[in-house]
*Asks:* 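Dumping the structure here so I can ask a few things about it.
So you know, we letter chains A, B, ... as the sequences are listed, proteins then strands, and number each from 1.
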Amino acid sequence: MSSIFRKNLYGDYGDREAAGGSENGADSFRSEWPLWEVFIRSKAGLDHKHAGSLHAADAAMAIENARDVYTRRMEGVSIWVVESKYIHASDPNDADALYEPANDKIYRHPTFYDLPDELKHM
Amino acid sequence: MSVQLLEQQFYEKIDNEVSIEPRDWMPDQYRKTLIRQISQHAHSEIVGMLPEGNWITRAPSLRRKAVLLAKVQDEGGHGLYLYSAAETLGISRDEMLDQLHTGKAKYSSIFNYPTLTWADMGAIGWLVDGAAIMNQVPLCRTSYGPYARAMVRVCKEESFHQRQGFEIMLQLSKGTEVQKKMAQDALNRWWWPSLMMFGPPDDNSPNTELSMRWRIKRFTNDELRQKFVDVTVEQAKLIGLTVPDPDLKWNEERGHYDFGKINWDEFWNVVKGNGPCNRQRLETRRKAWEEGKWVRDAALAHAGKRKTRKEKAAGQETVAA
């Protein structure tokens, strides 16, 4: 793989920072603003959905920028921002093993049960 | 898991219209090709703000100014959606901008043409955004998840862009002789470059086959270009403007418009950096980046100070990461 492609995959950030040693957050800063993931609740009653990402210097700026970019057409009543490094993700390679127990428990689905047609309200 | 098995699973997803997501295994070339395509798409949006930004201060009415501002603002947002999508593939924003500023990465060559009159705003909205929409709608179902989702968001916003452009041309074509001439002149200058937006002809586009195998691209350049001509010629008739192509002719047998030969020398020349505005566009972007450095640094310093103040107020010591 060419050296310019560092595979920063979701869930890698946190581990890499911890392993890479300490940096005093208040004194030094990297030249690039950190990356934030943005979640928007478009209407009261719905949950927050992932809308995308953006770079910002801190949380307050991230929220303002998210409002500017992701809610130009009134698409949001609430905004959550999380630094990308704090998102931990499952490994898709483990999907089979991780989700397999759920696969054969078909009794969790309502269609598994054979009940008389005369039964109402169920 | 062996690479062969991972590759097999990858192609199963591709062939079954299942999206590839950021942490999924993918061939290195798939990743590289997508980084290149998505980042160049993003660069196009940002550079694309410049030709239209040129006319914001000179829009003929307050309404037109507000609308143009909103469009340019949208383009900035589109750039962001695309940079975000590209970053999920393992490249940073700084790297991508460096590629743009050093000329390593390209952007759509249409933006290397100058906007000489107000009518250009109409022509661009109608033709350039129109061509972009034709390209972007199929991309809403492209194989890479984040790119497809970014395209869905873009397409929702893009339709007002085309409508405001066509409306400008419509108004001009119903106006004075000077206005009609201005509209026709803009169409004359933007027609062929818009056709070139779809890229080189299929027999001269080596990347197309692989892109289509990987479901990144769903229609070929020539297919999209033909569709654009068919649709747009009808729209031109509605506003009484003449498409600057003497060879344009409806072909009953094919069910499509035949159109004249595109000047591919001009296309390659502009792509290589010799268009009317290439140098100017890049200089403007570089200047914005370099002269904005103090803002980026100040924002980080301010954020740092805000954090320290908060922690002191809470009676805690600054924690080493």
Side-chain angles (χ1 to χ4, degrees), chain A residues 1-12 14 17-18 20-38 49-62 64-66 68-73 75 84-85 87 89-97, chain B residues 1 6 9 20-25 28 31-32 35 70 73-74 76-85 87-95 97-99 104 146 149-150 153 156-157 160 293 295-312 317-321:
Chain A
M1 272 290 278
S2 161
S3 61
I4 72 167
F5 300 124
R6 289 177 272 110
K7 282 190 196 176
N8 298 320
L9 305 173
Y10 288 135
D12 285 351
E17 306 250 323
S22 49
E23 248 191 291
N24 190 320
D27 291 352
S28 69
F29 49 83
R30 296 142 106 233
S31 64
E32 195 177 306
W33 293 346
L35 188 64
W36 301 77
E37 301 300 324
V38 176
K49 255 182 77 170
H50 184 238
S53 67
L54 49 78
H55 289 269
D58 66 5
M61 189 189 203
E64 280 167 12
N65 290 356
D68 288 346
V69 184
Y70 291 108
T71 67
R72 276 198 303 279
R73 288 166 173 76
E75 305 99 306
S84 307
K85 70 184 186 199
I87 303 232
S90 57
D91 184 340
N93 290 330
D94 292 340
D96 285 343
Chain B
M1 236 202 260
L6 288 166
Q9 288 179 346
I20 310 292
E21 296 293 349
R23 297 203 87 212
D24 291 346
W25 183 91
D28 278 352
R31 186 187 299 275
K32 280 195 185 116
I35 286 180
Q73 204 176 20
D74 269 357
H78 295 178
L80 173 67
Y81 306 154
L82 290 160
Y83 283 129
S84 298
E87 285 178 76
T88 66
L89 287 161
I91 188 168
S92 77
R93 178 79 68 84
D94 276 6
E95 281 174 83
L97 290 178
D98 186 64
Q99 288 172 348
K104 270 199 224 124
R149 290 189 286 277
R153 205 170 279 118
K156 269 196 216 143
E157 305 183 347
F160 111 68
K293 182 172 194 308
V295 177
R296 297 191 295 279
D297 291 347
L300 275 174
H302 178 65
K305 280 188 189 160
R306 246 204 302 224
K307 184 167 174 231
T308 314
R309 241 179 279 135
K310 253 170 92 182
E311 284 167 355
K312 284 220 174 97
E317 282 179 337
T318 310
V319 175

*Asks:* Heavy-atom pairs under 4.5 Å with chain B - which of A:Ala51, A:Gly52, A:Ala56 has more of them than the others?
*Replies:*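 The option with the most such pairs is A:Ala51.
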*Asks:* What closest approach, in Å, do A:Trp33 and B:Val295 show between heavy atoms, and which atom pair accounts for it?
*Replies:*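 That closest heavy-atom pairing would be CZ2-O, 4.4 Å.
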*Asks:* Quick one: does A:Asp58's side chain get under 4.5 Å of B:Lys307's, heavy atoms only?
*Replies:*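 No, their side chains stay 4.5 Å or more apart.
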*Asks:* Using every non-hydrogen atom in the two residues, find where B:Leu80 and A:Ser53 come nearest and quote the distance to one decimal.
*Replies:*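 So the minimum-distance heavy-atom pair works out to CD1-O, 3.8 Å.
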*Asks:* Which heavy-atom pair separates B:Arg23 from A:Ala89 by the least distance, and what is that distance?
*Replies:*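 Scanning both residues, the minimum pair turns out to be NH1-O, 3.3 Å.
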*Asks:* Kindly give the heavy-atom pair with the smallest separation between A:Ala57 and B:Ala303, and that separation in Å.
*Replies:*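 Heavy atoms of A:Ala57 and B:Ala303 come nearest at O-CB, 3.8 Å.
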*Asks:* Can you tell me how far the OG1 atom of B:Thr88 sits from the CD atom of A:Glu37, to the nearest 0.5 Å?
*Replies:*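 If we round to the nearest 0.5 Å, B:Thr88:OG1 and A:Glu37:CD are 9.0 Å apart.
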*Asks:* Grab the two heavy atoms, one from B:Gly77 and one from A:Val69, that are nearest each other, plus how far apart they are.
*Replies:*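 Shortest heavy-atom contact: CA-CG1, 4.1 Å.
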*Asks:* Could you give the distance from CD (B:Glu157) to CZ (A:Arg72), rounded to the nearest 0.5 Å?
*Replies:*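 The CZ atom of A:Arg72 is 5.0 Å from CD of B:Glu157, to the nearest 0.5 Å.
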*Asks:* Do A:His50 and B:Arg149 come close enough that some side-chain heavy atom pair is under 4.5 Å?
*Replies:*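 No, side chains not in contact.
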*Asks:* Once you round to the nearest 0.5 Å, how far does NE2 of A:His55 lie from CD of B:Glu87?
*Replies:*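 If I round to the nearest 0.5 Å, the distance is 3.5 Å.
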